[in-house]
Amino acid sequence: MIMGLTGGIASGKSTVSAILAEKGAKVVDADAIAREVMLPGHEVLAAVVKYFGEGILLPDGTLNRNKLGEIVFNDPEALKALNGMTHPAIRRITRERMQAFDREAPERLVIADIPLLYESGQEDMFERILVVYVPRDIQLERLMKRNGLTREQAEARLDSQMDIELKRAKADYVINNSGDVADTERQIAVLWDRLGLPC
Ligand SMILES: CC(C)(COP(=O)(O)OP(=O)(O)OC[C@H]1O[C@@H](n2cnc3c(N)ncnc32)[C@H](O)[C@@H]1O)[C@@H](O)C(=O)NCCC(=O)NCCS
Ligand SMILES: Nc1ncnc2c1ncn2[C@@H]1O[C@H](COP(=O)(O)OP(=O)(O)OP(=O)(O)O)[C@@H](O)[C@H]1O
């Protein structure tokens with residue numbers, strides 16, 4: 001069984017994916033793939049550097065993620081250009097890996113953890129979609145704490161994504177991650193049983 005997993009930035013997608021992996025799910029992480037295609041030598045990074053200039057690279061030739069983030073999360077046109085250069089490769093690799101996992105073991109749950117699943121129009125790729133939800137204020141607090149961002153920087157990132165309330169409304173299943181992790185684990189256990197997955 002393949003299931004799309006999404007949410008908002010810092011809503012807890014990685015936290016929930018890790019708990020599902022502990023229970024036996026195979027997880028394809030689109031954020032990790034996005035990092036792979038932005039490594040030195042990859043044609044995607046070359047295209048991004050051609051567009052944004054060498055100034056987005058660190059002296060060792062790797063991507064200055066904070067610098068590119070500051071540019072694109074404050075400039076919708078720049079973000080659109082970055083997405084156009086990165087999303088086709090991320091989507092292709094994500095699809096290849098999740099279909100390979102599903103072929104290997106169709107009885108297992110395959111999770112495609114895709115932060116921009118709805119924004120990038122990938123919902124038709126999944127029969128079932130799980131949204132990891134937290135209210136915006138908790139999302140902001142956790143993002144600021146984890147990334148050391150100001151409120152303005154955190155809000156700019158949130159505002160570049162679909163409203164998490166809309167994602168919750170569109171979901172087939174919702175994990176409310178606004179409590180402690182133990183509460184999230186309990187909700188995942190209930191969902192795992194509801195899906196009839198092997199313990
Ligand atoms: C802009 C970049 C360099 C910022 O890097 P940084 O290390 O600060 O963030 P990281 O990559 O860990 O992403 C953290 C979160 O930011 C959000 N985010 C990332 N890219 C985008 C985007 N294009 N639009 C909206 N939100 C985004 C997601 O919620 C993601 O989980 C990086 O996010 C990037 O290359 N983004 C473009 C590729 C992409 O769209 N990735 C999302 C995969 S679905
Ligand atoms: N239930 C929780 N209670 C408290 N803190 C949490 C909880 N779940 C996640 N966190 C923390 O909130 C932050 C965001 O969680 P996580 O990285 O799992 O979100 P994410 O959706 O994967 O983020 P991103 O969109 O950046 O990939 C992390 O610092 C994590 O440790």
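Along the sequence shown, the residues carry numbers beginning at 1. All of these numbers come straight from a predicted model, not from anything done at the bench.
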| All side-chain contact (heavy atoms from CB on, under 4.5 Å) counterparts of A47, not counting sequence neighbours | M85

| query | Considering the options V132, I188, L130, which one meets the side-chain contact (heavy atoms from CB on, under 4.5 Å) requirement together with Y173? | reply | L130

| message | For a 4.5 angstrom cut-off between non-hydrogen side-chain atoms, does Q122 reach T6? | response | no

| query | Would a 4.5 Å heavy-atom cut-off, applied to side chains only, mark V28 and I33 as touching? | reply | yes

| request: Check V16, D113, L5, L109 against V27 for a side-chain contact (heavy atoms from CB on, under 4.5 Å) and give me the one that passes. | output: D113

| message | Using side-chain heavy atoms (C-beta onward) and a distance below 4.5 Å, is E119 in contact with N83? | response | no

| Hey, are the side chains of S17 and D29 touching, using non-hydrogen atoms and a 4.5 Å cut-off? | no

| query | With distance as the sole criterion, is a donor-acceptor pair present between the side chains of N66 and E70 under 3.5 Å? | reply | no

| Is there a side-chain contact between V131 and K170 (heavy atoms, below 4.5 Å)? | no

| N64 side chain vs L58 backbone, donor-acceptor pair below 3.5 Å | no

| message | Taking atom CD as the centre, does E127 end up with more than 12 heavy-atom neighbours from other residues, nucleotides or ligands that are less than 6.0 angstrom away? | response | no

| Got a donor-acceptor contact below 3.5 angstrom from the K167 side chain to the G7 backbone? | yes

| Would you call K145 and E141 a salt bridge, using N to O less than 4.0 angstrom? | no

